[in-house]
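Encoded as structure tokens, the structure appears first; notes follow it.
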Amino acid sequence: MLAVQIKSINREARDVVSLEFVAADGVQLPHFEAGSHIDVHLPNGLIRQYSLCNAPHERDRYVVGVLLDPNSRGGSKAVHELLEGAEIKIGEPRNFFPLVEAKGRSLLFAGGIGITPILCMAESLQKVGANFELHYCSRSREQAAFVGRIEQAPFAGHASFHFDDEKAADIPSLLSSPGAEDHLYVCGPSGFMDFVLKTAEAQGWAAGQLHREYFSVEPKSDADNGSFEVQIASTGQIITVGAETTAAEALIAVGVDIPLSCEQGICGTCVTRVLDGVPEHRDMYLTEDEQKANDVFTPCCSRAKTARLVLDI
Ligand code: FES
């Protein structure tokens with residue numbers, strides 16, 4: 001855990017602020033790579049993940065951009081209430097969305113606030129002279145953060161803006177004719193990402209060429225939730241998970257320590273081994289193969305296909 005001070009807060013677009021963190025003790029911050037995120041420990045006790053969007057070679061600061069989510073469960077609202085000069089705690093950078101070394105083109109697709117890790121990738125690719133394109137899609141220029149920074153950046157020539165109220169992106173044509181060594185990176189709202197990824201698949205991109213990072217998922221209705229049981233393997237205790245609670249909530253309620261962070265199936269903090277039973281995976285964190293193996297699940301959001309899951313805790 002790192003203690004940082006908020007050196008500056010800037011408005012980047014409607015409902016988007018950037019926060020610049022510096023080490024509270026003035027020393028250098030740990031190195032990070034493009035695509036990394038940090039856990040931000042908020043004064044209200046919530047922990048939220050935000051992608052770093054400054055250039056990865058910078059060691060004196062971390063910058064994140066945060067959209068005020070109208071459906072905020074308390075995270076983005078608390079970020080928008082932070083003040084310059086405040087000291088907070090953050091986690092060390094972690095990277096679940098790394099760039100791979102590409103002999104072909106790297107196509108970066110950002111939807112809305114999904115621009116944050118993509119900016120960092122563009123900085124990295126520019127530095128090594130890579131062949132890349134950045135496509136930034138947003139409803140309008142007014143809602144698009146960091147436009148000025150991109151226009152002034154050394155990689156400006158690689159960037160294209162696609163504003164829905166001016167001229168929306170023609171994604172099928174941008175993704176046509178993939179080369180075998182090309183790679184596609186996409187970050188944004190889940191509807192945008194699903195569209196880009198499905199279009200890419202239809203245009204012949206292979207699964208290994210597609211890289212994604214979800215920063216939020218559409219809340220899933222509880223309407224089709226059933227109840228199920230979880231059993232703690234070490235004690236044999238059986239706990240019922242009702243339709244309106246998550247497995248993590250049910251376990252925590254009886255005193256089991258389940259580490260939580262995003263509570264949306266994005267970060268992987270809560271991943272728990274499953275010894276028996278079949279989970280119904282609802283997360284975005286595990287790969288398709290990991291989900292198929294059914295030997296771990298994310299109790300913050302995933303449920304069960306069988307009446308009981310036996311957990312390795
Ligand atoms: Fe983030 Fe469960 S807490 S995946």
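Note that ligands are numbered from 1 as they come in the structure, with each ligand's atoms numbered from 1 the same way.
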Residue from K77, R48, K89 passing side chain to side chain contact (heavy atoms under 4.5 Å, CB included) with L42: R48
Sub-4.0 Å heavy-atom contact, D283 with ligand 1: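 Not so, D283 does not reach ligand 1.
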Metal proximity, C301 vs atom 1 (Fe) of ligand 1, N/O/S cut-off 2.8 Å: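 So C301 does not count as coordinating atom 1 (Fe) of ligand 1.
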Heteroatom N/O/S of C300 within less than 2.8 Å of atom 1 (Fe) of ligand 1: no
Polar contact flag, side-chain donor to acceptor under 3.5 angstrom, S8-E84: no
Any donor-acceptor N or O pair under 3.5 Å, side chains H37, N95: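 There is no such pair (donor and acceptor under 3.5 Å, judged by atom type) between the side chains of H37 and N95.
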Per-residue contact class, Q264 against ligand 1 - non-hydrogen pairs under 4.0 Å: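 No part of Q264 is near ligand 1 at this cut-off.
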Charged N-O contact under 4.0 Å between D39 and R94: yes
SB check E280 R303 (cutoff 4.0 Å):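 No salt bridge links E280 with R303.
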Under 4.0 Å from a heavy atom of [X]: give me the atoms of ligand 1 that qualify, with their elements.
{"X": "C267", "result": "1 (Fe), 3 (S), 4 (S)"}
{"X": "S261", "result": "3 (S)"}
{"X": "I266", "result": "4 (S)"}
{"X": "G265", "result": "4 (S)"}

Protein contact of atom 4 (S) of ligand 1 - nearest heavy atom, named by residue and atom, plus distance: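 For atom 4 (S) of ligand 1, the nearest protein heavy atom is G268 N, 3.2 Å.
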Pair L174-L107, side chain to side chain contact (heavy atoms under 4.5 Å, CB included): steps then yes or no: CA-CA 9 Å; L174 292 171; L107 299 193; 5.9 Å; no
Parallel, tilted or perpendicular, as decided by the 30° and 60° cut-offs, for the rings of Y62 and F32: perpendicular
